Amino acid sequence: MESRWCESEARAAVERWGERHGEELALRVYSSRLLGADPALVLHGGGNTSSKGTHQTVLGEKVPALFVKASGYDLAAIVPEGLPATDLAWLRRLRAVETLDDEAMVNELRAALFDAAAATPSIETLMHAWLPARVVDHTHADAILALSNRADGEACLRDALGADAILLPYVKPGFDLARAAADAAEANPGATAMVLVQHGVFTWGETARESYERMIAVVDAAERWTERRQTRPLRVRGTPTELATARARAARLAPLLRGALATASGDPDRPWRRTILRPLLEREVLDFVDAEGARPLASTPPLTPDHLIRTKALPLWLELPDGGGRDDEARRARLRGALAAYARDYEAYLERHRALLPPGIRPADPMPRIVLAPGIGAVCAGPDAKAAGVVRDIARQTLAVKRRIAGAGGSYAGLSERDLFEMEYYALEQAKLGRAVRPRLGSEVALVTGAAGAIGAGIVRGLLREGCHVVATDLPGARLDALAAELAKDAGPRLAAVPLDVTDPDSVSAAFAEAALAFGGVDLVVANAGAAHVAPLAELSLDAFRRLEQVNLEGTLLLLREAARHFAAQATGGDVVLVSTKNVFAPGAGFGAYSATKAAAHQLARIASLELAPQDVRVNLVAPDAVFGDALRPSGLWQEVGPARMRARGLDAAGLEAYYRDRNLLKARITPEHVANAVVFFATRQTPTTGATLPVDGGLPDATPR
Ligand SMILES: [Zn+2]
């Protein structure tokens, strides 16, 4: 590992933040970002940094201050506000206290903030306060953990790092660890680094650069030590699995697994608490799970207690027969057996340590967060795509370190079961996960067809607003790409844009497979893709009619068919919403091909509501009228239909819109957002309804469903 310190970047940081926050804090922010940028040092909000300086009070007095990373900030993107000033003199005095429980400690940390509104300082703040150096860095560097998490860890660390580094046996983070660390640092005044066995490493110095470069130096020494000893690389049993094969298997496994991981919610309308899955399909991971001796090596605790809350103590090791075809029943039985065994073990572990459960903390569900499967790789679970992505990154890192330990001939030694439990249910760690109210559709996945059109894009936005994950599909091309680009920033990992031709059965299956690889499966299918054509029957060509039949009718059939199969595999119910039209109830002259094919699709959806109800799949319809879209995304239907209608009525574009607005009872302009609200109404299952049509048309008596 090399230092990434760059003088010109450091100067740029001083220019950016120096005037307001001082040069020292600006450089502190810069080196924190350097640490945060390297996943081999810290992952996802892990690690913390500090610097000591002064704070000017409202009385104009300069008092000693500790600027320390606050929880909720990620080192990779930290800003000066992420290192709030605390009363260093007070924090130092706390060392006189014999012991302090977590809650009382957090209270002291909050009370020590100079800005009452600042975020809560890190739970490792006292360690930063009590180490005498001006600048202190803390990471969970892989290379250090590759040494400390070995049965012979202490001897290896000594050998690799020499006598200058302090080695501190594992102590649970919090007040006691801070005390132990401060005592050890005082006893070794020449030291510049401290390894917390099975946890991470601290370095310190008089400047941001000095402390940072000491971090890099110890990590580099540890890295080289392990690299030099790579004499026993893991060996794959038989021939390595092709990545494409693993992908195909993961796409088939994910819906089964996602269904089996869902836990009962107790709400009869929405009976499942679902998860989002993110498969980890990479060469290194595949070779690991396919290697000889992989299972005992992988079935060990995480590298650092920091990861526990995300990953639980142990992954599930899953060996499934690969029948190749649709042998879902046998596979599901095996899967359920493996999960039941995992859950039993987890419940027993909970029972053994129940006395340590902090008051007010409820036990987690007994399901695994990481599933390792030979021939597939890893599949990672979380309440949403972001959380599952964090688990995936941790899994990747964990397997890499365990592999290096084994390669260097070491035997992996994680924390004791008691330490694991204590950390998994550590109240402060629990708090880190956030108690934010989960959005209504926060763990759900929708697949929307025709997503790049006016109504489709509106539905995608509406679902994203509800926290839903969305697989936005449309024909491949610029329109779909533009939608993905437009929504990327707000949606983050909750959006996947997948090309889909609804008239092609293979394309429909492939889109569901992509959804399974992106999020684990699908819970809501919005059949929105459609095509329009204007011609009186006397002039309607058979080709034009068949084209509409293909898109509007066969497309719906293929989608409903695939959805039914998918929901059966997942076995946790589901929802379908078909975007129908007012024309089904009140057709228009010159609009035969559209009205007839949409009416047939409408009927298919009602059949689906009859057939799928026993599986708790609800199929409902929304029937909008006259949704014109906007200039950016005009309705495809109205582009097709509009010119003829304008000619017939002698209106311009605005006049046509006004005409349709004025013909409904409420004189309402119907927007894509209105249609999205109707979809969300069904998707959130607010009434026990299936096979129903909700008009979104401002009130058209002739078109009222009956
Ligand atoms: Zn730590």
Side-chain angles (χ1 to χ4, degrees), residues 31-32 34-36 38-51 66 68-76 78 82-83 102 105-106 109 119-131 133 135-149 153 157 165-182 184-185 193-204 211-212 214-215 218-219 222 301-311 313 390 393-394 397-398 401 414-415 419-420 422-433:
S31 73
S32 300
L34 289 181
L35 295 173
D38 192 342
L41 292 172
V42 292
L43 275 181
H44 296 293
N48 40 65
T49 60
S50 70
S51 76
L66 174 74
V68 64
K69 196 202 111 166
S71 52
Y73 286 90
D74 200 316
L75 286 182
I78 202 157
L83 293 154
D102 300 337
M105 180 181 80
V106 170
L109 300 184
T120 304
S122 156
I123 56 168
E124 276 151 343
T125 291
L126 291 179
M127 195 119 81
H128 288 268
W130 296 346
L131 289 171
V135 178
V136 176
D137 289 321
H138 171 45
T139 71
H140 306 129
D142 286 354
I144 297 289
L145 295 168
L147 293 178
S148 87
N149 291 32
L157 283 164
I166 302 167
L167 306 186
L168 199 66
Y170 181 81
V171 178
K172 189 183 85 152
F175 188 82
D176 294 344
L177 173 58
R179 279 260 294 232
M194 181 188 304
V195 174
L196 313 182
V197 171
Q198 287 157 324
H199 173 164
V201 56
F202 273 82
T203 56
W204 49 84
S211 180
Y212 167 76
R214 282 176 178 161
M215 177 64 74
V218 289
V219 173
L303 304 173
T304 164
D306 216 58
H307 296 165
L308 259 167
I309 193 84
R310 307 277 192 177
T311 61
V390 171
D393 289 345
I394 292 174
Q397 212 77 8
T398 304
V401 172
L415 291 177
D419 287 331
L420 288 169
E422 215 174 17
M423 208 50 204
E424 185 177 347
Y425 283 99
Y426 187 20
L428 303 178
E429 287 288 311
Q430 294 277 340
K432 234 199 242 177
L433 281 191

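The structure presented is a predicted model; accordingly, all values stated were derived computationally and were not measured. Remember, it's 1-based here, ligands and their atoms both numbered in the order they're listed.
Only protein atoms were considered; those of element N, O or S under 2.8 Å from the Zn ion (ligand 1) number 4.
Using a cutoff of 4.0 Å between basic side-chain nitrogens and carboxylate oxygens, K172 and D102 are scored as salt-bridged.
Taking the ring pair (Phe, Tyr, Trp, His ring centres under 6.0 Å) definition, one finds that H44 meets it with nothing, sequence neighbours left out.
With values rounded to the nearest 0.5 angstrom, L415 atom CG is found 7.0 Å from L308 atom CG.
In terms of heavy atoms, A178 sits closest to L126 at CB-CB, 3.7 Å.
In terms of modelled atom types and a separation under 3.5 Å, the side chain of T203 and the main chain of S211 share a donor-acceptor contact.
Between F175 and W130, the ring planes are perpendicular. Angles over 60° get that label, and only those under 30° would be called parallel.
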